[in-house]
Amino acid sequence: MSPLASFHLLAHDTFSSFSLSLVRSSKESTIILNAFKSIPTSEEVFARIRLWWEQARAVVVLPIFKFLVALCLIMSVMLFVEVMYMGLVVVYVKLFKRTPEKIYKWEAMEEDDVESGSANFPMVLVQIPMYNEKKVCEQSIAAACKISWPSKRIIIQVLDDSTDPASKELVKRECERWSKEGVNITFEIRDNRNGYKAGALREGMKHSYVKQCDYVAIFDADFQPDPDFLLRTVPFLAHNPKLALVQARWEFVNANQCMMTRLQEMSLSYHFAVEQQVGSSTFAFFGFNGTAGVWRISALNESGGWNDQTTVEDMDLAVRATLRGWKFLYIDDVTVKSELPCSFNALRSQQHRWTCGPANLFRKMAGQIIRSENVSVGKKLYMIYSFFFIRKIVAHILTFCFYCVILPATVMFPEVTVPKWAAFYLPSLITLFIAIGRLRSIHLLAFWVLFENAMSLVRAKALVMGLLDSGRVQEWVVTEKLGDTLKTKLIAQVPEEHHVRFRDRVHVMELLVGAYLLFCGCYDIICGKSSLYLYLLFQSLAFFIVGFGFVGKSSS
């Protein structure tokens, strides 16, 4: 082949290859351009997300939300019926003057017998469990030592688990001082804190001198019984052999210290005046409050003694004694002075224990209650349904889940309507009824509602831990007491919590719930059609105040 022909052939091949590559490149460019064209714009992305959300909202979210609302409405009715039932019982008791003396046999003990030290008086043990109670030990020991009872028929037993040497030495000196004055008082210590308060009380019952005692009165370190406490309570036990416990009412020396203590007083006054009164008056069941009560020692021992399987050893003992067929009596007009937590962190710890403990006890004892042969079906129903399920579980779930989560979310779901009777009328009636227990604080009702809702987060978390038997279920933090620093005339001088570190005052979960409520309130103002934002904004403010720890007084 000639060179010219070779050049033409090479040029033709090169051109053909170049043309083919251009065609291929053109096709690839078309594919790439088409691919770019298929990528959605930001508007299309948002449109698709909106479509997916609307489909998920209609198919999944709305049905679940409607179910939760319906469940909360059912729980609201259940709680309302329970509260009204207790109200009717209290009205009946007051109207027909069904005093304990009319129900149980009672004969007063003469003062002359007290002074002469009559052997007819039963032997009484007074237990005072303590743990680093330097600020209140003197007043509590003094109050117990001043109880009117024959000196030879009473033993004051101070059970000191203190880890602070100064506190232990102070308690020991106080016991020695009263011993020198002729009081039969003992100072008992142990080398561990196993079982906490339940362990201390259990060890206290093992001492040989306890065997000669018929009854045991228990007072926490901040409780100060009046001198006639035993004269008004022990006769019920002495003349009614099936009676195991006589429980007195708590009275609070620092109720006027701050807003937080006033609100606590409202809740606890309702607990004693209504809940305890109903359980006692109907011969059903009520829980021992752990202090300001007198037990028949034989009933205590027969029921298995003190058990530390939960942090509510008092309620645990009451349940086991009831399953043995024993009866309890609550006396509303016998009061014992005590102290309310004035530090918010102390209140949180207390409320955690008071909520987690009963839930955990219910988990562990429900089966035994159902299987018990010594308890009637009616009493079993009262214990399982009224006492535990409604008051210790439903009430806490409803307060937080409905009023702090679900009801606020309805502003974003206009398809879901909560009836006014559930959102306003029922809770208002329940709140008004609770306020009757402490009429002098009725003007604080709105603050009480906001504060109780804010505290419901703590209780809801504790409830879950108790039911699941996990987390801090066995946590026991002794509620700090301030003792003489809380005398009425000095209340205004108690300093604020300015010395507490900021990070120790901040509670993140409360702040998050506050932010959620604030968002719902703002959404209702901008997009909603209801007036729920008024409640939501005030409730969010309450959560923020609690979250930043701006409540209560100093624990100094």
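Just so you know, these numbers use all the heavy atoms, side chains as well, and skip hydrogens, waters and symmetry mates. Please read all numbers here as calculations on a predicted model, not as lab measurements.
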Under 6.0 Å between ring centres: does that hold for [X] and [Y]?
X      : Y      : value
Trp149 : Phe121 : yes
Trp448 : Tyr270 : no
Phe387 : Phe285 : yes
Tyr403 : Tyr535 : no

Tell me if the OH atom of Tyr425 is crowded by more than 12 foreign heavy atoms within 6.0 Å.
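No, not enclosed.
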
Between atom [atom1] of [X] and atom [atom2] of [Y], what is the distance when rounded to the nearest 0.5 Å?
X      : Y      : atom1 : atom2 : result
Leu268 : Leu340 : CG    : CG    : 6.0 Å
Ile370 : Leu323 : CD1   : CG    : 11.0 Å
Thr291 : Asp222 : OG1   : CG    : 7.0 Å
Lys197 : Asp314 : NZ    : CG    : 6.0 Å

Do the side chains of [Y] and [X] get nearer than 4.5 Å, heavy atoms only?
X      : Y      : result
Leu467 : Asn360 : no
Gln247 : Leu329 : no
Glu510 : Arg348 : yes

Listing, residues 93-103 side-chain donor-acceptor contacts under 3.5 Å, not counting sequence neighbours, or none:
residue : atom : partner : partner atom : Å
Lys102  : NZ   : Lys97   : O            : 3.3

Examine the side chains of [X] and [Y] and answer whether a donor and an acceptor come within less than 3.5 Å of each other.
X      : Y      : answer
Ser441 : Arg262 : yes
Asp316 : Gln309 : yes
Glu313 : Tyr196 : no
Glu82  : Ser386 : yes
Asn254 : Glu339 : no
Asn289 : Gln276 : yes

Any donor-acceptor pair under 3.5 Å from Arg320 side chain to Met365 backbone:
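The answer is no, because no donor-acceptor pair under 3.5 Å joins these two groups.
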
Could you walk me through whether Trp250 and Ser269 pass the side chain to side chain donor-acceptor pair (under 3.5 Å) test, one step at a time?
CA-CA 8 Å; Trp250 297 2; Ser269 294; over 6 Å; no

Anything under 30° is parallel, anything over 60° is perpendicular, the rest tilted; go ahead and classify Phe328 against Trp295.
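Answer is perpendicular, since the angle exceeds 60°.
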
Using 30° and 60° as the class limits, which term best fits the ring planes of Phe286 and Tyr330: parallel, tilted or perpendicular?
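Aromatic pair Phe286/Tyr330 classed perpendicular.
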
Do Asp333 and Arg232 meet the salt-bridge criterion of a basic N to acidic O distance under 4.0 Å?
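Result for this pair is yes, salt bridge flagged.
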
Measure across Leu398 and Cys72 and return the closest heavy-atom pair with its distance rounded to 0.1 Å.
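For Leu398 versus Cys72, the nearest heavy atoms are CD1-O, 3.5 Å.
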
